[in-house]
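Note sheet for the following structure.
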Protein chains: 2
Amino acid sequence: MAKAQFDREEIIDKAIDLFWSRGFSGASMQLVVAVTGLKPGSLYYSFGNKEALFKQALERYAQKGLSRIRKTLESAPSVGEGICRHLDQFVEEAGHNDFKSCFLVKTQLELAGEGNELYAHAVRKLAEIESLFQTFLEREYDAELSCSRAASIMLHSFGLRVYGYQRLPEERMRLALRQGLPWLPWDQHDMQKKE
Amino acid sequence: MAKAQFDREEIIDKAIDLFWSRGFSGASMQLVVAVTGLKPGSLYYSFGNKEALFKQALERYAQKGLSRIRKTLESAPSVGEGICRHLDQFVEEAGHNDFKSCFLVKTQLELAGEGNELYAHAVRKLAEIESLFQTFLEREYDAELSCSRAASIMLHSFGLRVYGYQRLPEERMRLALRQGLPWLPWDQHDMQKKE
DNA sequence: TAATATTTTGAATGATTGTTCAAGTTCTGG
DNA sequence: CCAGAACTTGAACAATCATTCAAAATATTA
């Protein structure tokens with residue numbers, strides 16, 4: 001049984017990059033061929049078809065994102081500060097000139113309707129992220145408050161992912177975050193950053 | 001000089017529907033032909049090409065949206081209540097089962113990068129909406145506060161447009177709005193709704 | 001109504017789409 | 001070192017893509 005001659009995860013990472021920036025319809029398989037260096041036959045042999053490859057890309061992207069958030073929250077001195085750090089990362093990323101929003105959000109918006117499976121997958125992953133926040137919040141607040149605050153965080157995260165596309169000064173976004181999430185310990189967070 | 005035999009705005013409205021739900025890449029010109037009932041030749045004769053038609057659809061959608069917001073804000077007893085009503089409309093729309101998010105937001109996310117003109121157009125229109133909010137807010141707050149609150153409203157609007165795709169109970173969204181925009185007169189708004 | 005300007009038609013264009021497959025290559029277990 | 005399984009190759013497929021255009025139809029002006 002001969003083994004594949006390429007690194008599967010490396011290929012999927014390249015697919016993530018492509019699908020993330022151009023979307024499902026906007027990224028042709030010929031582009032995938034060009035970007036990965038694999039021939040069409042190998043691609044289909046190893047990954048099935050476009051939809052299956054896209055799904056694997058989504059899956060890996062979501063997994064990376066989830067574990068990154070979990071790490072940020074766990075390594076912070078408090079849940080509140082962890083969330084501050086996480087949102088600050090968003091703002092910073094939005095400042096980069098190759099800002100690509102969020103793969104899950106883009107997929108959700110592009111493929112909604114007609115019972116698309118990829119859309120459902122993206123929605124599921126985003127819901128997982130929300131419940132991750134909720135779980136952490138419940139360490140400090142009751143269930144009800146945790147629920148509405150987790151929802152508020154998601155609202156702001158989505159907003160940032162869209163808002164960031166407008167190349168606004170990061171300061172504007174930071175101000176808006178402090179406006180909308182006044183219960184977070186921004187002062188402690190800002191002080192720690194200066195040190 | 002013979003006049004066109006169709007209603008231009010009617011055609012553009014149909015194009016808006018199609019492009020809005022399927023995006024630029026996802027909506028083929030053959031679909032536009034099917035939806036509008038015009039033959040390819042007529043379409044190209046009257047509207048130029050796909051990009052030009054899309055742009056006209058964007059333009060009309062944005063114009064309608066802007067004037068709707070302006071009307072909502074002007075007819076309300078106060079700026080704050082006007083904004084409450086506007087956001088409430090968003091939540092309500094998100095509950096509809098043919099929810100399509102926002103055409104401008106979807107376009108921005110789909111076509112970003114490579115200096116796309118349609119992307120730039122969408123961004124411009126969204127910035128117009130933000131400055132409309134800011135103008136109204138300046139009736140009650142100073143320039144700086146109006147700026148950051150307008151930004152916060154946009155953040156929430158974008159968030160709602162994305163969040164709404166998850167078919168969550170509307171109540172969850174309403175709670176999150178009250179969490180994130182506590183300076184708005186929600187109590188007055190909710191009371192008026194019950195009457 | 002004749003002459004002219006405008007609009008409609010729809011088959012056809014060449015490019016690009018996602019995908020296939022028979023033939024060839026490479027690897028592995030015995 | 002050989003047999004057979006696993007993988008690669010890349011030309012080719014039918015379908016669909018955005019767009020064109022000469023000819024026909026229709027409206028307007030004179």
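Any value given below was found using the heavy atoms of this structure, including those in side chains, with hydrogens, waters and symmetry copies removed. Note on naming: letters A, B, ... go to the chains in the order of the sequence lines (proteins, then strands), and numbering restarts at 1 for each one.
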Donor-acceptor contact present, side-chain B/Y61 to main-chain B/F103, <3.5 Å:
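Checked: pair present.
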State whether the side chain of A/E10 and the backbone N or O of A/F6 hold a donor-acceptor pair below 3.5 Å, judged by distance alone.
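Flag not set: sc A/E10 to bb A/F6 has no pair under 3.5 Å.
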Could you give the [atom1]-to-[atom2] distance, from [X] to [N], as a whole number of Å?
X     : N      : atom1 : atom2 : answer
B/F6  : D/dA27 : CZ    : P     : 14 Å
B/L43 : C/dT7  : CG    : P     : 14 Å
B/I11 : C/dT7  : CD1   : P     : 14 Å
A/M29 : C/dG18 : CE    : C1'   : 7 Å
A/F19 : C/dG18 : CZ    : P     : 9 Å
B/Y45 : D/dT20 : OH    : P     : 15 Å
B/L38 : C/dG10 : CG    : P     : 12 Å
B/F47 : D/dA18 : CZ    : C1'   : 17 Å

Counting any heavy atom closer than 4.0 Å, what does B/S28 reach on the DNA or RNA strands: base, sugar-phosphate only, or nothing?
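Counting heavy atoms under 4.0 Å across all strands, the contact made by B/S28 is with sugar-phosphate only.
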Can you work out whether B/L31 or A/G41 has the more 5'-proximal nearest nucleotide on DNA chain D?
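Upstream on the strand: A/G41.
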Examine [N]: is either OP1 or OP2 under 4.0 Å from a nitrogen or oxygen in the side chain of [X]? Give yes or no.
X     : N      : value
A/Q30 : C/dT16 : no
B/K39 : C/dG10 : yes
B/Y44 : D/dT19 : yes
A/S46 : D/dC7  : no

So B/K100 and B/D17, side-chain contact (heavy atoms from CB on, under 4.5 Å) or not? Walk me through it.
CA-CA 9 Å; B/K100 288 186 290 198; B/D17 259 6; 3.1 Å; yes
Nearest-nucleotide wise, let me know which of A/S42 and B/G37 is further upstream toward the 5' end of DNA chain C.
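Nearer the 5' end of the strand: B/G37.
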NZ/NE/NH1/NH2 to OD/OE distance under 4.0 Å, B/R22 and A/E110
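Salt bridge: no.
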Does the cation-pi check pass for A/R161 over B/F158, that is, NZ or CZ under 6.0 Å from the six-membered ring centre and within 45° of its axis?
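The answer is no; the distance or angle limit is not met.
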